[in-house]
Trainee: 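Quick one: this structure, given as structure tokens, is what I'll be asking you about.
Note that this is a predicted model, so its numbers are computed, not measured.
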Amino acid sequence: MKKVRLLQSIHLKFVLIYVLLILIAMQIIGVYFARQLEKELVNNFRTSLQERTDLLTYNIGQEMVKNRDDDSPTLEEDLKTILRDFASRPNLASNDMNDISEVRVIDQNRRIIATSNSNPQQIIGKKTNDLAITNALLAGTNSDNVFVDQSGQRIRVMIQPIRLQDKVGASQSNSTNKNGKVQSSEEILGAIYLTASMEPVYDQMSNINQIFKAGTVIALFITAILGVFLAQTITRPMSEMRKQALEMAKGNFTRKAKVYGYDEIGQLALTFNNLTRKLQEAQATTEGERRKLSSVLAHMTDGVIATDRKGRVILINDPAAAMLNVSRETVLSDPVVSLLDLEETHTFESLLANQESLILDFSTKSDPFILRATISAIQKETGFINGIIIVLHDITEQEKIDQDRREFVANVSHELRTPLTTMRSYLDALAEGAWQDKDLAPTFLNVTQTETERMIRLVNDLLQLSKLDSQDYRFSRDPINFVKFYHYIIDRFEMTIEQGISFVRDLPNEAIYVAIDQDKITQVLDNIISNAIKYSPEGGTITFSIAQHTHEIAVSIKDQGMGIPKSNLAKIFERFYRVDKARTRKLGGTGLGLAIAKEIIEAHDGRIWADSQEGKGTTIYFTLPIESENDDEWE
């Protein structure tokens, strides 16, 4: 799996989110705190300045209504002294000696009579046209404004009227001025024009903001460090579980995630370990079932083919590949109808819809091969079909047995029908009066007797084959000298031969012992020699031979008859098979002699075969195992 980059790491994201949350919180708190602090400082500055202005107004008002004589200081001198003391008094709100820039005293005629400016001669005695001062002198209104001067400093300007009542007190209703006039308590004596710099307040705010910024940086640094440790407590168990998930993806279920605590993440790690154990058990169970299924598919004799929902081969076992003569790797993903050679007659949809057994004939001229395909659907519980499973069963032998059975019944019926039909015809003729004819009656009876003997031989041969086919049938084997036994059989035929056929013996002089059932081997030799005599021409020769090998002897009987075509040579040991059926029936054969001989020889652990050339004769060979002990001799 691709490694997680730093910028994509949840560790970094967690730290960034944590720091950003703290930063946002600090900024919100800072903005609110700065605004409230600025508001509070400005209000405190204004309140302090107002209190000082009220005190100054009271003192100036006292001086303006004071009675003076020639020895007393003039009003301008007294006002100058008051303003000097006022300007030198510190501001308790800002602790700044120089926050007040200038104080002016204006009389009722809008003439400046006093100032705290260092150059009073420039403005003393001059009239002012300030609208706010005029409003204060005429209407008695206060003015409090803030503006920014040319140097960029914020200046607060306060204009306050000087009332006589404010200065004398509420108990004094009338007073006289220096001219002797009685003045009302509401009389406005003048106004005070005061300017003060607010920069100390904002400098103080700037210092506080710098302190707050430094505190924010320190807090963020500490928060980042704490965030790293906190993120590790969360991401470290997650990294452990991620590593475990990667190992699980590779099939390793032995690794366990380390549990760092018993909080929610610790419980998740415990649950993850439990899930790993359950998956390991489930995988072991699945693997066991898979191995069982693989073993079953590999060792079953039937072929199995599975497809997906589109009819493409996804599984084929070895028996199926062998039956179809294909390679497993090459047929995967191929259409199943193409694999089974059903493209012309079926489609995958038709196989899915019918789900019937199909007979697949892959036979050739020389090799029959027939398969039965049983089709069933792979269906989920919801009814959705994922594909089909096809089971192939080799029924070649079964079909061959069925065919042999049908042919056997047909052959037996045919072999019995011919003599029965002949017998019925002759018996009907005898019943109709032919028995009275002295010339025909003996002939008819002779034919009837011959056909009866032929049916008896046929039934006896069938009974003999039935006994040989029975698994309970046992031979009585005795060790004998086969050379002496073979001479005996040949002598017996040689004494009764009538066709002028000569026998040639190519037999060894020493004794060869084999364990055989004498009656059954006698029957084999009788059948083979009888056939050789039947098919040998007049004056022909039959050669008898024995070839000794290490563990067996090979016995052969060779005639000089008409021979057997190569195409029919392998079939002469089948039941009821005749090369020349007309001649065989004429000679009284049943077509079972060589079939019986084959059963007997194979029961003696031997082999039997034929070699023939058309027009030159046929040689029948069979083998018998040699007996190691030669104590007994056939007599």
Trainee: Applying side-chain contact (heavy atoms from CB on, under 4.5 Å), run through Arg372 and Leu392 and close with a yes or a no.
Mentor: CA-CA 6 Å; Arg372 176 185 286 114; Leu392 301 178; over 6 Å; no
Trainee: According to salt bridge (Lys or Arg N to Asp or Glu O under 4.0 Å), who are the partners of Arg111, at least two apart in sequence or on a separate chain?
Mentor: Asp107
Trainee: Is there a donor-acceptor pair closer than 3.5 Å between any side-chain N or O of Asn135 and the backbone N or O of Ala139?
Mentor: no
Trainee: Donor-acceptor check, side chain of Thr285 to backbone of Glu281, threshold 3.5 angstrom: yes or no?
Mentor: yes
Trainee: So how far is it from Leu49 CG to Asp144 CG, rounded to the nearest 0.5 Å?
Mentor: 7.5 Å
Trainee: In the structure I gave you, are the side-chain heavy atoms of Ile112 and Lys127 within less than 4.5 Å of one another anywhere?
Mentor: no
Trainee: List the steps, then state whether side chain to side chain donor-acceptor pair (under 3.5 Å) holds for Glu63 with Asn59.
Mentor: CA-CA 6 Å; Glu63 293 296 332; Asn59 292 333; over 6 Å; no
Trainee: Would the distance check show the side chain of Thr307 and the main-chain N or O of Ile388 forming a donor-acceptor pair, the cut-off being under 3.5 Å?
Mentor: yes
Trainee: Salt bridge or not between Glu38 and Arg35? Use side-chain N to carboxylate O under 4.0 Å.
Mentor: no
Trainee: Report, as yes or no, whether the 6.0 Å neighbourhood of atom OH on Tyr32 holds more than 12 heavy atoms from other residues, nucleotides or ligands.
Mentor: no
Trainee: Should the pair Phe369 and Phe362 be assigned to parallel (<30°), tilted (30 to 60°) or perpendicular (>60°) ring geometry?
Mentor: tilted
Trainee: Testing the basics here: between Thr396 and Ile370, what is the closest heavy-atom pair and its distance to 0.1 Å?
Mentor: OG1-N, 2.7 Å
Trainee: Please check if the side chain of Asn274 supplies one atom and the backbone of Leu270 the other of a donor-acceptor pair under 3.5 Å.
Mentor: no
Trainee: Are Phe147 and Val157 packed together at the side-chain level, in the sense that at least one heavy-atom pair is separated by less than 4.5 angstrom?
Mentor: yes
Trainee: Stepwise, does the side-chain contact (heavy atoms from CB on, under 4.5 Å) test hold for Met248 with Gln280?
Mentor: CA-CA 9 Å; Met248 290 169 60; Gln280 185 177 12; over 6 Å; no
Trainee: Going from NZ on Lys250 to CD on Glu247, what distance comes out if it is rounded to the nearest 0.5 angstrom?
Mentor: 5.0 Å
Trainee: Are Met323 and Leu371 close enough, and set up right, to give a side-chain contact (heavy atoms from CB on, under 4.5 Å), and what steps lead you there?
Mentor: CA-CA 8 Å; Met323 289 178 182; Leu371 299 176; 3.9 Å; yes
Trainee: When rounded to the nearest 0.5 angstrom, what is the spacing between CG in Asp130 and CG in Leu137?
Mentor: 10.0 Å
Trainee: Taking only residues two or more places apart in sequence or in another chain, which ones pass salt bridge (Lys or Arg N to Asp or Glu O under 4.0 Å) with Glu289?
Mentor: Lys292
Trainee: From the options Ile192, Val105, Leu189, select the one residue that forms a side-chain contact (heavy atoms from CB on, under 4.5 Å) with Thr57.
Mentor: Ile192
Trainee: Taking only residues two or more places apart in sequence, or in another chain, which ones meet Pro335 in a side-chain contact (heavy atoms from CB on, under 4.5 Å)?
Mentor: Val337, Ser338
Trainee: For residues Ile100 and Thr195, determine if any side-chain heavy atom of one lies less than 4.5 Å from a side-chain heavy atom of the other.
Mentor: no
Trainee: Can any side-chain N or O of Thr347 pair as donor or acceptor with the backbone N or O of Glu343 at less than 3.5 Å?
Mentor: no
Trainee: Has Ser48 got a side-chain atom pairing as donor or acceptor with Phe45's backbone, closer than 3.5 angstrom?
Mentor: no
Trainee: Could Glu287 and Arg291 be called an ion pair, given the rule that one side-chain N must be under 4.0 Å from one carboxylate O?
Mentor: yes
Trainee: Could I get the full list of side-chain contact (heavy atoms from CB on, under 4.5 Å) partners for Lys243, not counting sequence neighbours?
Mentor: Arg255
Trainee: Taking CG in Asn325 as the centre, count heavy atoms belonging to other residues, nucleotides or ligands within less than 6.0 Å. Is the count above 12?
Mentor: no
Trainee: Taking Met158's backbone N and O only, do any of them form a donor-acceptor pair with Ser143's side chain (distance below 3.5 Å, no angle check)?
Mentor: no
Trainee: Show your working on side-chain contact (heavy atoms from CB on, under 4.5 Å) between Leu56 and Val103 and close with a plain yes or no.
Mentor: CA-CA 10 Å; Leu56 178 63; Val103 181; 3.4 Å; yes
Trainee: For residues Ala136 and Ile159, report the shortest heavy-atom separation together with the two atoms involved.
Mentor: CB-CG2, 3.8 Å
Trainee: Would you list the pairs meeting salt bridge (Lys or Arg N to Asp or Glu O under 4.0 Å) in which at least one residue belongs to residues 198-222, sequence neighbours left out?
Mentor: Arg154-Glu199
Trainee: Do Ser151 and Asp149 have side-chain atoms, one donor and one acceptor, less than 3.5 Å apart?
Mentor: yes
Trainee: Given Ile222, which partner from the list Leu226, Ile225, Leu220 fulfils the side-chain contact (heavy atoms from CB on, under 4.5 Å) test?
Mentor: Leu226
Trainee: How long is the straight-line distance from NZ of Lys80 back to CD1 of Ile82, given to the nearest 0.5 Å?
Mentor: 13.5 Å
Trainee: Filter on side chain to side chain donor-acceptor pair (under 3.5 Å), then keep only pairs touching residues 309-320, sequence neighbours left out; what's left?
Mentor: Asp308-Arg312, Asp318-Arg328
Trainee: Between atom OG of Ser116 and atom CZ of Arg104, what is the distance when rounded to the nearest 0.5 Å?
Mentor: 8.5 Å
Trainee: Checking the side chain of Ser197 only, and the main-chain atoms of Ile155 only, is there a donor and an acceptor separated by less than 3.5 Å?
Mentor: no
Trainee: Do Gln108 side-chain atoms and Ile188 backbone N/O form a donor-acceptor pair below 3.5 Å?
Mentor: yes
Trainee: Between Ser327 and Thr330, what is the shortest heavy-atom contact and its length?
Mentor: O-OG1, 2.9 Å
Trainee: Answer with yes or no whether the side chains of Asn252 and Gln244 bring together a donor and an acceptor at under 3.5 Å.
Mentor: no
Trainee: Would the number of heavy atoms belonging to other residues, nucleotides or ligands and lying under 6.0 Å from CG of Asp341 be above 12?
Mentor: no
Trainee: To the nearest 0.5 angstrom, please state how far the CG atom of Leu21 sits from the OG1 atom of Thr223.
Mentor: 10.5 Å
Trainee: Any side-chain heavy-atom pair from Phe33 and Ile208 closer than 4.5 angstrom?
Mentor: yes
Trainee: With the side chain counted from C-beta on, respond yes when Thr47 and Glu51 share a heavy-atom pair under 4.5 Å apart, and no when they do not.
Mentor: yes
Trainee: Would you indicate whether the side-chain heavy atoms of Ile124 and Thr115 approach each other to under 4.5 Å?
Mentor: yes
Trainee: Consider side-chain contact (heavy atoms from CB on, under 4.5 Å). Of Leu358, Leu340, Val313, which one does Ile390 pass it with?
Mentor: Leu340
Trainee: Taking Phe272's backbone N and O only, do any of them form a donor-acceptor pair with Thr276's side chain (distance below 3.5 Å, no angle check)?
Mentor: yes
Trainee: State, to 0.1 Å, how close Ala34 and Met205 come at their nearest heavy-atom pair, and which atoms those are.
Mentor: O-CE, 3.3 Å
Trainee: Using every non-hydrogen atom in the two residues, find where Pro161 and Asn142 come nearest and quote the distance to one decimal.
Mentor: CD-OD1, 2.8 Å
Trainee: What's the shortest heavy-atom distance between Leu352 and Ala377, and which atoms?
Mentor: CD1-CB, 4.3 Å
